[in-house]
Amino acid sequence: MNAAAKAESPASQQSLDALRHSCAHVMAQAVQELFPGTKITIGPAIDNGFYYDFDSPHRFTEEDFPAIEKRMRQIAEGNHPFVGKEISPEESRKYWESRGEPYKVEILDGLKGQTITHYTHGTFTDLCRGGHCENTRAIRHFKLLSVAGAYWRGDEKNPMLQRLYGTAWPSKQELDAYLKMLDEAKARDHRKLGAALDLFSVQDLAGPGLIFWHPKGARMRLIMEDWLKTEALRRGYDLVNTPHIANVELWNTSGHRSFYKDNMFSEIEVEKADYQLKPMNCPFHILIYKNRLRSYRDLPLRLAELGTVYRYERSGVLHGLLRVRGFTQDDAHIFCAPEQIEAEVDGCVDFALEVFKTFGFSRYVMEVSTWDAAKPGDYSGAAEDWERAQKALESVLSKRGIEYSLIKGEAAFYGPKIDVKLIDAIGRPWQLSTVQFDFNLPQKFGLEYVAADGSHRRPLMVHRALYGSIERFFGILIEHYAGSFPLWLAPLQVKVMSLTDEQAPAVRDLVGRLSRAGLRAAADLRPEKINAKIRDAQLEKIPYMVVLGPRDVAAGVLSVRLRDGRQFQGVKEESFVNALSREQDLKRTAPSWEDA
RNA sequence: GCCGGGGUAGCUCAACGGUAGAGCAAUCGCUUCGUAAGCGAUAGGUUGUGGGUUCGAAUCCCAUCCCCGGCUCCA
């Protein structure tokens, strides 16, 4: 049901993929039958489902789905075996040309020298390397989900095809569970919750991809920033601050004006010089490093900043808090000597794990991206640096007993990296932390340090972000907790409500005392029924509600309600404050009320 | 940027060529109430924006901005 479970057993994953890939074939058949003139292209299994890309004169909409699904069902019930057959390239070409399938011919042209196979079920044949279930009757629990555009072969210069997405499962229970997960994901959508909880907004008048943090969101941001800064200082980082714009000469030196040009906002002219908004913080930290002669005694130098960067992202890619045009990275650059890299990488990994634990993420996936050793010319930096860095990345993870996948050839041109994807409460992976070597910029800026023997050497530079960006991390947190944040993050922790006007003074006094005890509390004194006040507080997902009625005031106690619905009468104020203070200090993700 | 779908009151939606409407929220009254919506009244819109077609446009056409689902890209 989730991304992590997917890895549990290669064999079962294989049969799932086979089911989904087969389902894609059946969908292609149904679509071609129902919409004549539709040309087929490719249709693989993907996480949780499948798709097939079509070139069709028909404009597909979701209204077509019932008819397609119905036909798919008929085909599946036809009990057709999937039969694979090896075929000569000439014969295959003849087959696809005669059927007027230009995309299949193009695929065939790309398969020179490989064995060609066709897979057939019933009357439908596809050019396909295989991986099918035995018989169409295995295809029973599926659903078409969406239609979308997709470039032929993923290249935006190619024509746009129409992609139909679907999901398929071995059992009805699994299908239903998956569909329920999709609903759950929709309900957790940070854009929806962000508006409902009044956390942030995007303003048309200001422009797309620019985030406005409202009071409650800003409060949470403050907490996230404070925690991170405190933790960074404790771990030997130095905090710095750098400007938002810089002369284009800086970006020429760094090379961003060439390799990152497409993502930068255009120049701002000031007194005949051109400036540009920063898309990255690295060059600024480098300038601080370079500001004076560095000794090996200065290393490792760890410069950290919550640095706000601006990137021109094409309009179609913006997405809530997860993909924006202005965002703040929790950025750090570590300058170190070669013999220090393993310890520094280990420090980064340790810090990242601390972040996950603190914010309540228990599962994650690590990926090490290395270079393609066959093409050293494609990369910046010396081979020995690459090899040493890659070894350090892997060694740190294996010494910690952390499983990771090694992705060869996936490194950026300037250095190898560890990427961390964390898995949220409903099993979705999110790209978050990154620990990345940079062999390019130290060279471009001519960075040096004086070694013990008096020689000048080039430091290694590690770029590291843990939240990734505060905006994205916030978006993920909202979805992870579905807006029910743990006490230490909740913008408002306690709502104290009066039963009748009589208790207004008592409510005000209590809010004052809670605030002085370091808790974020507010009063609800509206002349509403207690039901209405409770409902409003529940919708705000406030962790603790306190009701003061005549009985409570007379007895000098509190009536406490948790947002999970539990209620406690006759609670002593002191134990309430103590329990909440403890829960807040421990940054617990679940209420610690019961052990109060 | 590309393909497709959308923008109507603060929010969720209705009206789909013939006088823009409801619920919630807001404001004002009444209600003083024991754990998820008390009652009433008032106010709120050049239907994203700009053009066009028409006797008449939220509705049809064109352009543009923004949003949504994807593609490509990515913190």
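Below, chains carry the letters A, B, ... as their sequence lines are ordered, and counting in each starts from 1. Computed from heavy atoms alone, side chains included, the values below leave out hydrogens, waters and symmetry copies.
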- Query: What residue pairs, at least two apart or across chains, pass salt bridge (charged side-chain N to carboxylate O under 4.0 Å, His left out) with a residue in residues 194-216 of chain A?
  - Reply: Lys216(A)-Glu540(A)
- Message: Does Val202(A) reach a base, just sugar-phosphate, or nothing at all? Heavy atoms under 4.0 Å.
- Response: nothing
- Taking Ser498(A) as the fixed residue, which of Arg526(A), Gln503(A), Arg508(A), Lys533(A) is the one that meets the side chain to side chain donor-acceptor pair (under 3.5 Å) rule? Lys533(A)
- Closest heavy-atom pair and its distance - Asp53(A), Thr41(A): O-OG1, 2.6 Å
- Whom does U47(B) pair with, Watson-Crick or G-U wobble, provided both distances fall under 3.5 Å? none
- Reference residue Glu479(A); test salt bridge (Lys or Arg N to Asp or Glu O under 4.0 Å); the match among Arg428(A), Arg188(A), Arg472(A): Arg428(A)
- Message: Taking G21(B) as the reference, what is the distance to A15(B) when you measure between their C1' atoms (whole Å, please)?
- Response: 7 Å
- U12(B) C1' sits how many Å from Leu539(A) CG, rounded? 14 Å
- Query: When we call it a touch if two heavy atoms are under 4.0 Å apart, what does Ala465(A) touch: a base, just sugar-phosphate, or nothing?
  - Reply: nothing
- Which nucleotide in the set C71(B), C66(B), A75(B) lies at the smallest distance from any side-chain heavy atom of Asp204(A)? C66(B)
- Task: Whole angstrom is fine here: how far is it from CD in Gln162(A) over to P in G69(B)?
- Result: 19 Å
- Closest of G1(B), A37(B), U35(B) to the Ile534(A) side chain is U35(B)
- Task: When you get a sec, tell me which of G1(B), C74(B), U32(B) is the closest nucleotide to the side chain of Arg314(A)?
- Result: G1(B)
- Note on the structure: Separation of C73(B) atom C1' from Lys157(A) atom NZ, nearest Å, is 13 Å
- Item | Residue closer to the 5' end of RNA chain B, Arg563(A) versus Ser146(A) (nearest nucleotide) | Arg563(A)
- Query: Does the side chain of Arg561(A) reach to within under 4.5 Å of the side chain of Val547(A), using non-hydrogen atoms?
  - Reply: no
- Query: According to the Watson-Crick and G-U wobble definitions, with both distances under 3.5 Å, which nucleotide is paired to C30(B)?
  - Reply: G38(B)
- Item | Out of C67(B), G34(B), G4(B), whichever nucleotide has its closest atom nearest the side chain of Arg59(A) | G4(B)
- Can you tell me the distance, in whole Å, between the CZ atom of Arg526(A) and the P atom of U32(B)? 18 Å
- In whole angstrom, what separates Leu306(A)'s CG from A75(B)'s P? 18 Å
- Message: Between U42(B) and G6(B), how far apart are the two C1' atoms, rounded to whole Å?
- Response: 33 Å
- Query: If only atom types and distance count, is the side chain of Thr328(A) paired as donor or acceptor with the main-chain N or O of Ile470(A) below 3.5 Å?
  - Reply: no
- Query: Do Tyr312(A) side-chain and G1(B) base share a donor-acceptor contact under 3.5 Å?
  - Reply: no
- Message: Heavy atoms only, 4.0 Å cut-off, all strands: where does Pro527(A) land among base, sugar-phosphate and nothing?
- Response: base
- Query: Between Glu583(A) and Gln493(A), do the side chains contain an N or O donor and an N or O acceptor separated by less than 3.5 Å?
  - Reply: no
- Message: Taking the minimum atom-to-atom distance to the side chain of Gln329(A), which one of A75(B), C2(B), C33(B) wins?
- Response: A75(B)
- Can you tell me the Watson-Crick or wobble partner of A20(B), both distances under 3.5 angstrom? none
- Quickly work out the Gln503(A) CD to C33(B) P distance and round it to whole Å. 9 Å
- Item | G56(B) pairs with, by Watson-Crick or G-U criteria that keep both distances under 3.5 Å | none
- Query: Just checking Gly154(A): base, sugar-phosphate only, or nothing, at a heavy-atom cut-off of under 4.0 Å?
  - Reply: sugar-phosphate
- Same-atom distance (P) from G69(B) to U31(B), integer angstrom: 49 Å
- Query: With sugar-phosphate meaning primed atoms plus P, OP1 and OP2, does Ser559(A) contact a base, only sugar-phosphate, or nothing at under 4.0 Å between heavy atoms?
  - Reply: base
- Task: Among G38(B), C71(B), G1(B), find the nucleotide with the atom closest to the side chain of Glu528(A).
- Result: G38(B)
- Message: Students often get this wrong, so: under 4.0 angstrom with heavy atoms, is Asn531(A) touching a base, only sugar-phosphate, or nothing?
- Response: sugar-phosphate
- Query: Checking Arg20(A) against Phe50(A): charged group under 6.0 Å from the ring centre and within 45 degrees of the axis?
  - Reply: no
- Just call it for Gly468(A): base, sugar-phosphate, or nothing, with non-hydrogen atoms closer than 4.0 Å on any strand. sugar-phosphate
- Query: Using a cut-off of 4.0 Å on non-hydrogen atoms, how would the nucleic acid contact of Asp155(A) be classed: base, sugar-phosphate, or nothing?
  - Reply: nothing
- Message: Checking side-chain polar atoms at under 3.5 Å, does Ser201(A) have a donor or acceptor matched by the opposite partner on His214(A)?
- Response: yes
- Message: What's the closest nucleotide to the side chain of Ala148(A) if the choices are C33(B), G1(B), G70(B)?
- Response: G70(B)
- Within the structure shown, what part of the strands sits under 4.0 Å from Leu499(A) by heavy-atom distance: base, sugar-phosphate, or nothing? base
- Please give, in whole Å, the distance from C67(B) P to His319(A) NE2? 12 Å
- Using purine N1 to pyrimidine N3 plus N6-O4 or O6-N4 for Watson-Crick, or N1-O2 and O6-N3 for G-U wobble, both under 3.5 Å, which nucleotide pairs with C2(B)? G70(B)
- Task: Remember a base hit wins even if backbone is also touched, and classify Arg163(A) as base, sugar-phosphate or nothing at under 4.0 Å, heavy atoms.
- Result: sugar-phosphate
- Message: At 4.0 Å (heavy atoms only), tell me whether Tyr165(A) reaches a base, stays on the sugar-phosphate, or touches nothing.
- Response: sugar-phosphate
- With C1' as the reference atom in both, quote the distance from C71(B) to G45(B) in angstrom, rounded to an integer. 37 Å
- Item | Among U35(B), C33(B), U72(B), the nucleotide that comes nearest once only the side chain of Val317(A) is considered | U72(B)
- Task: Flag as yes if Phe327(A) stacks onto the base of A75(B) (centroids under 5.5 Å, planes under 30°), otherwise no.
- Result: yes
- Separation between the C1' atoms of G40(B) and U46(B), rounded to whole Å: 32 Å
- Donor-acceptor pair under 3.5 Å, Arg472(A) side chain vs C74(B) base: yes
- Consider the side chain of Arg535(A), meaning its heavy atoms from C-beta on, and name the nucleotide among A37(B), C33(B), G1(B) that approaches it most closely. A37(B)
- Item | Candidates C33(B), U72(B), C2(B) - which lies nearest the side chain of Met160(A) | C2(B)
- Item | Gln569(A)-Ser559(A) side chain donor-acceptor pair, cut-off 3.5 Å | yes
- Message: Nearest heavy atom decides the nucleotide; on that basis, is Asp501(A) or Gln569(A) closer to the 5' end of RNA chain B?
- Response: Asp501(A)
- Message: Work out how far the C1' atom of U35(B) is from that of U49(B), and round it to whole angstrom.
- Response: 48 Å
- Note on the structure: A25(B) -> Watson-Crick or G-U wobble partner, both distances under 3.5 Å, gives none
- Item | Rounded distance in Å - CZ (Arg191(A)) to C1' (G7(B)) | 15 Å
- Separation of the P atoms in C55(B) and G48(B), to the nearest angstrom: 24 Å
- Message: Base, sugar-phosphate or nothing for Glu313(A)? Non-hydrogen atoms, less than 4.0 Å.
- Response: base
- Message: Distance check, P atoms only: G4(B) and A58(B), in whole angstrom units.
- Response: 27 Å
